[in-house]
Every structure is written in structure tokens, then in C-alpha cells.
Amino acid sequence: MSRILVVEDQPNLLRSVTQALSEAGFESLGVASLQEARLALPTRIDLIILDVMLPDGSGLDWLRSLRQEGNKTLVLMLTARDSVDDRISGLETGADDYMVKPFALNELIARVRALLRRDTRQPATVLTVEDMTLDLLNRSVRRGGTELDLPQRQFELLAYLMKHPGETVSRQMIAEHVWKESSATWTNVIEVQVNQLRKKLHLEGLPPVLHTVRGHGYRIGGES
């Protein structure tokens with residue numbers, strides 16, 4: 001089931017959109033501010049429905065920062081601004097689609113489905129975060145032009161982290177998606193593997209790329 005984050009500060013509209021998404025078979029999470037949206041991002045989100053004007057900032061500015069961090073989550077912008085220049089600005093900032101308020105909920109659902117279909121039809125086989133590239137088909141990793149030799153488990157761990165660039169990934173998420181186990185008994189093993197992977201990614205003259213977020217987990221890319 002696809003998980004959709006709705007960021008909208010109008011309570012009635014937020015309630016209507018999240019309810020419509022749930023009735024259409026999606027798992028929806030509604031928040032009213034960018035601060036709440038940031039807190040939701042460490043969890044898996046397949047698509048963000050994002051209002052432009054929010055009480056604690058601009059949705060466009062937040063989207064721009066997400067893209068700069070390497071976050072490629074699908075984003076559908078919602079706005080009351082209907083000029084061509086506004087739509088162009090939204091798309092050039094990194095939005096995947098753009099809807100002007102007021103809108104029909106059934107059209108919104110149709111656009112969400114179209115975006116998710118497009119995303120699954122074109123799975124990425126080459127992942128890139130900052131100066132690092134991972135090829136899922138050739139099972140190769142390069143950083144700053146240097147090819148790295150990683151054992152199978154560390155390759156899978158790095159691939160999972162690079163699929164969530166700029167996001168904090170918990171040990172529990174790694175256990176479930178890389179080790180295919182839900183038990184917390186893997187915590188120490190994961191910590192050892194992360195530390196070994198970090199050493200291999202640390203190359204002279206290059207900044208750290210694998211960060212520990214104390215009390216929460218790990219993050220690939222972004223500032224330390």
C-alpha cells in the first residue's frame with residue numbers, strides 16, 4: 001500500500017484529502033506544517049501532497065531543499081496561485097505535478113495514481129548521492145571516481161540507505177528491509193556493519209557521507 005503525506009494547513013481540506021486517499025486504498029498521513037512534515041519524513045513516504053503557503057514557511061522552499069539533499073520522493077503541489085509563472089516555478093523547483101485550488105478530489109486521486117504508476121514503471125537501477133554512485137545491476141559502488149569493494153551485506157545496506165537520501169533511517173527499518181528480520185536482536189550486528197561501511201566510504205580529501213543521527217539511526221548525504 002502506497003503511503004502519502006499530505007501537508008496542508010486548512011483543516012477541512014486536509015481532512016477531505018486524507019479521507020479521500022484512504023477511501024481510494026492509500027495509507028494517508030496528514031500534517032498542517034513543515035515542521036510536522038519534517039518529522040514524518042524518516043518513515044517511508046511514497047508521495048507528498050504539498051501546499052505552497054504554510055504557516056511556518058514556503059512549501060516551494062522546502063521542496064527545493066529536499067531536492068538539493070537528493071530526496072526524490074514524488075511531490076504533487078497544491079496552491080491557490082494559478083498563473084502560468086507560478087506553475088512553471090513549482091515544476092522547475094522539483095514538483096512532479098501541480099494542482100490549483102479549488103480542485104475535484106477525484107481528479108486529485110487520478111493524478112496520485114498516475115504519478116505512482118509512472119514511478120513504478122521506471123525503477124532506478126543507478127543510485128547517486130553527492131559524489132557516490134551505486135549500480136544495482138552491476139553491483140558496483142564508486143565514490144569520487146574510486147571503485148569500492150563491498151561485501152554483499154554492506155552493499156545491500158548502502159543501497160537501502162541511498163534509496164532514502166537525506167533521510168534518517170532507523171536500525172529497525174534496516175533490520176526489516178536489509179536483514180529481513182523484525183527482531184531488535186540485530187541492532188549490534190547492524191551497528192558493526194554500519195561502522196565497517198563508514199570506514200570504507202571514508203576517502204582522503206572527501207567529506208563524510210554516512211552520518212549517525214544519535215538516538216534515531218543513520219543518514220546518507222546531507223550535512224553532518
So if I apply the side-chain contact (heavy atoms from CB on, under 4.5 Å) rule between Lys101 and each of Val52, Thr79, Leu13, which one comes out positive?
Leu13
Between Lys180 and Glu176, does any side-chain N to carboxylate O distance fall below 4.0 Å?
no
I'd like to know if Lys200 and Asp149 make a salt bridge, using a cut-off of under 4.0 Å between side-chain N and carboxylate O.
no
Hey, could you give me the OG/CD1 distance between Ser28 and Ile4, rounded to the nearest 0.5 Å?
7.5 Å
Can you tell me how far CG of Leu34 sits from CG of Asp56, rounded to the nearest 0.5 angstrom?
4.5 Å
Are Met99 and Met77 packed together at the side-chain level, in the sense that at least one heavy-atom pair is separated by less than 4.5 angstrom?
no
I'd like to check Leu150 versus Leu158 (side-chain heavy atoms, cut-off strictly below 4.5 Å). Are they in contact?
yes
Hey, does the side chain of Arg142 reach the backbone of Gly145 with a donor-acceptor pair shorter than 3.5 angstrom?
yes
With Arg67 as the cation and Trp62 as the aromatic partner, state whether NZ or CZ is under 6.0 Å from the six-membered ring centre and within 45° of the axis.
no
For Thr212 and Arg214, indicate whether the former's side chain and the latter's backbone hold a donor-acceptor pair under 3.5 Å.
no
Within-4.5 Å side-chain heavy-atom neighbours: Ile49 and Leu5
no
So Thr146 and Leu148, side chain to side chain contact (heavy atoms under 4.5 Å, CB included) or not? Walk me through it.
CA-CA 6 Å; Thr146 300; Leu148 306 177; 4.2 Å; yes
Less than 4.5 Å apart, any side-chain heavy atom of Leu201 and any of Leu203?
no
Going through the distances and angles, do Asn188 and Val192 end up as a side chain to side chain contact (heavy atoms under 4.5 Å, CB included)?
CA-CA 6 Å; Asn188 292 336; Val192 170; 5.6 Å; no
Just by distance, do the side chain of Asp96 and the backbone of Val75 share a donor-acceptor pair under 3.5 Å?
yes
Just do the side chain to side chain contact (heavy atoms under 4.5 Å, CB included) check on Leu41 and Leu66 with the steps written out, would you?
CA-CA 10 Å; Leu41 271 191; Leu66 287 180; 3.5 Å; yes
As a quick check of understanding, evaluate side-chain hydrogen bond (donor to acceptor under 3.5 Å, both in side chains) for Tyr218 and Arg171, giving each step before the final call.
CA-CA 8 Å; Tyr218 309 99; Arg171 293 180 181 86; 3.1 Å; yes
Taking only Lys NZ, Arg NE, NH1 and NH2, and the carboxylate oxygens of Asp or Glu, determine whether Glu8 and Arg15 approach each other closer than 4.0 Å.
no
If you define the side chain from C-beta out and look only at heavy atoms, does anything of Glu156 sit under 4.5 Å from Trp179?
no
Check the hydrophobic clustering (I, L, V, M, F, W, Y; side-chain heavy atoms under 4.5 Å; chains of links allowed) and say if Phe103 and Val6 are grouped together.
yes
Using side-chain heavy atoms (C-beta onward) and a distance below 4.5 Å, is Arg113 in contact with Arg117?
yes
hydrophobic_cluster_shared for Met53 and Val7, side chain cutoff 4.5 Å
yes
Output yes when a side-chain donor or acceptor of Gln154 lies under 3.5 Å from a complementary backbone atom of Pro151, and no otherwise.
no
Transitively linked via ILVMFWY side-chain contacts under 4.5 Å: Leu108 with Leu116?
yes
Could you check whether any side-chain heavy atom of Leu47 comes within less than 4.5 Å of a side-chain heavy atom of Phe26, counting everything from C-beta outward?
no
Considering all heavy atoms, the nearest Met162-Val129 contact:
CE-N, 3.8 Å
Using the rule given for side chain to side chain contact (heavy atoms under 4.5 Å, CB included), can you reason through Gln152 versus Arg139, listing the C-alpha separation, both sets of side-chain angles and the distance that settles it, and then say yes or no?
CA-CA 9 Å; Gln152 178 73 15; Arg139 306 196 72 76; 2.9 Å; yes
With rounding to the nearest 0.5 angstrom, report the OG1 to CD1 distance, Thr168 to Ile220.
11.5 Å
Has the side chain of Arg44 got a donor or acceptor atom that lies under 3.5 Å from a matching backbone atom of Asp46?
no
If you measure from OG1 on Thr73 to CZ on Arg3, what distance do you get to the nearest 0.5 Å?
12.0 Å
Nearest 0.5 Å please: distance from the CG atom of Leu134 over to the OG atom of Ser140.
7.0 Å
Indicate yes or no for a side-chain donor-acceptor contact from Arg111 to the backbone of Tyr98 under 3.5 Å, with no hydrogens or angles considered.
yes
Exactly one candidate in Met132, Glu130, Arg143 meets side-chain contact (heavy atoms from CB on, under 4.5 Å) with Leu206; the answer is Arg143
Show your working on side-chain hydrogen bond (donor to acceptor under 3.5 Å, both in side chains) between Gln19 and Ser22 and close with a plain yes or no.
CA-CA 5 Å; Gln19 182 177 341; Ser22 297; over 6 Å; no
Looking at side-chain heavy atoms only, is the closest gap between Asn71 and Ile48 below 4.5 Å?
no
Same apolar cluster (I L V M F W Y, side chains within < 4.5 Å links), Val100/Leu60:
yes
CD of Glu147 to OG1 of Thr133: how many Å apart, nearest 0.5 Å?
11.0 Å
Nearest non-hydrogen partners of Leu127 and Ala159, listed with the distance
CD1-O, 3.7 Å
Over all atoms of both residues, closest heavy-atom pair of Gly59 and Leu50:
O-CD2, 3.4 Å
Under 3.5 Å, side chain of Asp51 to main-chain N/O of Leu54, donor-acceptor pair present?
no
With clusters defined by side-chain heavy atoms of hydrophobic residues (ILVMFWY) lying less than 4.5 Å apart, directly or transitively, does Leu157 cluster with Val213?
no
